[in-house]
Participant: 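Provided herewith is a single structure, encoded as structure tokens, for subsequent inquiry.
When a residue number appears, it is its place in the shown sequence, counting from 1. Every heavy atom of this structure was used, including side-chain atoms; hydrogens, water molecules and symmetry mates were not. Atoms within each ligand, like the ligands themselves, are counted from 1 in listed order.
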Amino acid sequence: MEERYYQKEIETMPYEQIRALQSEKLVKQVQHVWDNCPPYRKLMEEKGVTPADIKGIDDLHKLPFITKDTLRETYPYSMLAVPLSECVRIQSTSGTTGKRVIAYYTQNDVNLWEECCARAIVAAGGTKEDVVQVCYGYGLFTGGPGLNGGSHLVGSLTLPMSSGNTERQIQFMMDLKSTILCCTPSYAAYIGESLKEQGYKPEDNSLKAGIFGAEPWTEEMRHDIEASLGIKAYDIYGLTETSGPGVSFECSEQKGMHINEDHFVAEIIDPETGEVLPEGSKGELVFTSLDKEAFPLLRYRTRDICVLSRKPCSCGRTHVRMSKPMGRSDDMMIIRGVNVFPSQIEAVLLNEGYAPNYQIVVDRSKNNDTFDVYVELSPEQFTDTVSGITAREKALAGAIRTMLGIGPIVHLVAPKTIARSEGKAVRVIDKRKLHD
Ligand code: ADP
Ligand code: ZN
């Protein structure tokens with residue numbers, strides 16, 4: 001099938017040209033921020049940098065970082081760099097890791113963001129013939145509005161479902177023959193499970209693709225969702241601070257997400273030292289927005305850990321690719337001194353034949369960390385004998401120990417006992433934080 005693009009010239013622009021474009025935009029953006037955004041100007045002054053020091057993209061590393069704490073400290077207007085009268089919209093983070101951050105948009109900012117989402121939809125095969133069911137949350141969360149706007153630009157019939165009410169999702173999906181599903185991967189898995197329960201087979205729906213993001217998910221989970229819905233599942237990434245979903249998206253090759261480099265410059269840094277790392281190194285992703293007017297973050301530390309690659313891609317897009325973030329640096333738990341990401345445990349569960357319905361509970365007892373993993377059994381697995389279940393628990397704990405170097409106590413629980421998520425799933429309950 002011939003590859004299609006939403007904005008071919010930009011999406012396939014040779015690297016040298018992208019760099020030149022980035023340089024030109026960066027110089028202007030730094031001046032805009034210096035003139036209009038006092039908190040960032042202060043950070044620049046503290047570092048002894050002025051706009052005259054930034055002559056192009058090679059000078060990016062001279063600029064100071066912005067962290068989520070900077071944004072929280074300056075709440076509610078934080079880095080606002082235009083008069084409020086120029087703003088037409090706010091969105092806000094989900095508050096997964098603390099106080100919400102509010103982001104501001106001019107009409108131009110909304111347009112650019114929606115274009116990024118349109119690129120993602122076209123990369124997943126979307127056209128004006130498609131019926132796009134958007135069941136990301138609408139409202140302050142960026143998922144719903146972002147994909148909704150992108151779908152309009154592509155000209156697809158857009159179903160603004162928002163999240164939740166799974167019965168109604170399924171009814172509309174079947175009656176209106178939705179072809180592209182947009183939601184969090186955990187909700188996609190839940191919709192797949194609900195369809196099966198209602199007696200539908202994967203080929204009974206009209207879906208061909210799904211665009212899933214807003215939370216970490218593993219390759220194993222991708223295969224599960226693709227099988228249960230009969231689709232090709234594409235990843236999409238973004239964060240409220242940089243506009244929302246669509247900062248990067250997967251193409252047909254599905255090996256990493258292309259970052260929209262005409263709007264965002266990506267760097268990978270060592271999270272400890274802040275030093276910029278060479279291509280191919282794993283580290284913290286940092287974004288500089290080149291075109292955003294109202295909320296133009298320079299060198300924003302995402303806390304997401306991933307790897308960048310400039311290897312040519314078979315889809316023809318030239319923009320750099322980021323690997324699936326393996327989790328945020330603040331999702332990482334340190335259990336008995338070992339770094340643990342929920343995604344590592346998820347990968348083991350799916351490999352061992354369990355569904356991605358699990359919860360990790362960490363606590364402290366007598367100065368020792370306790371580590372429990374609750375995993376739901378499918379109805380078929382649940383018919384096992386008690387001794388059979390105990391043996392399964394031991395085997396799973398062993399597999400997790402092999403992966404992490406430390407073993408949890410595994411509790412296999414009855415079907416439907418772990419709460420399903422309609423938005424971002426809650427995978428970890430760290431009770432140690434409550435005692436601190
Ligand atoms: P919050 O930080 O409160 O969750 P957002 O709703 O803006 O606010 O979420 C942005 C974060 O969601 C990203 O920094 C990243 O950690 C996570 N995220 C978004 N898309 C993906 C994805 N495709 N894969 C993994 N994580 C993702
Ligand atoms: Zn590609």
Participant: Under a 4.0 angstrom heavy-atom cut-off, which atoms of ligand 1 come close to Asp304?
Facilitator: 13 (C), 14 (O), 15 (C), 16 (O)
Participant: Between Thr184 and Lys424, is there a donor-acceptor pair closer than 3.5 Å when you use the side chain of the first and the backbone of the second?
Facilitator: no
Participant: Would you please test Tyr5 and Glu11 for side chain to side chain donor-acceptor pair (under 3.5 Å) and show each step?
Facilitator: CA-CA 7 Å; Tyr5 312 93; Glu11 293 179 68; over 6 Å; no
Participant: Using a strict 4.0 Å cut-off to heavy atoms of Gly213, name the atoms of ligand 1 that fall inside it.
Facilitator: 23 (N)
Participant: One residue to check: Lys68. Relative to ligand 1, which of side chain, backbone, both or neither has a non-hydrogen atom less than 4.0 Å away?
Facilitator: side chain
Participant: Consider every N or O of Phe212 and every N or O of ligand 1, then say whether any pair is closer than 3.5 Å.
Facilitator: no
Participant: Among residues two or more places apart or on two chains, list those pairs meeting ring-ring contact (aromatic ring centres under 6.0 Å, His included) that have a residue in residues 211-254.
Facilitator: Phe212-Trp217
Participant: With Tyr300 as reference, evaluate Thr67, Leu285, Thr70, Leu71 under the side-chain contact (heavy atoms from CB on, under 4.5 Å) test and give the passing residue.
Facilitator: Leu71
Participant: Asp262 and salt bridge (Lys or Arg N to Asp or Glu O under 4.0 Å): which partner among Arg119, Lys25, Arg19?
Facilitator: Arg119
Participant: List every atom of ligand 1 that sits less than 4.0 Å from any heavy atom of Thr240, numbering the atoms from 1 in the order shown and giving each element.
Facilitator: 5 (P), 6 (O), 7 (O)
Participant: Take the Zn ion (ligand 2) and tell me which protein N, O or S atoms are nearer than 2.8 Å.
Facilitator: Cys251 SG, His258 NE2, Cys313 SG, Cys315 SG
Participant: Without swapping roles, check the side chain of Glu376 against the backbone of Thr417 for a donor-acceptor pair under 3.5 Å.
Facilitator: yes
Participant: So, regarding Asp235 and ligand 1 (criterion: nitrogen or oxygen to nitrogen or oxygen, under 3.5 Å), is there a contact or not?
Facilitator: yes
Participant: Given Glu241, Arg100, Lys424, which has its nearest heavy atom closest to atom 5 (P) of ligand 1?
Facilitator: Lys424
Participant: What I want to know is whether Ile236 and ligand 1 share at least one N or O pair that is separated by under 3.5 angstrom.
Facilitator: yes
Participant: Under 3.5 Å, is there a donor on one side chain and an acceptor on the other for Ser186 and Ser421?
Facilitator: yes
Participant: How would you list, by chain and number, every residue that makes a side-chain hydrogen bond (donor to acceptor under 3.5 Å, both in side chains) with Ser151, sequence neighbours excluded?
Facilitator: Thr158
Participant: Only one of Arg321, Lys324, Lys255, Arg222 passes salt bridge (Lys or Arg N to Asp or Glu O under 4.0 Å) with Asp235; say which it is.
Facilitator: Lys324
Participant: Does ligand 1 have an atom that lies less than 4.0 angstrom from a heavy atom of Glu215?
Facilitator: yes
Participant: Give every residue pair that meets the ring-ring contact (aromatic ring centres under 6.0 Å, His included) criterion with at least one member in residues 113-165, sequence neighbours excluded.
Facilitator: Tyr105-Trp113
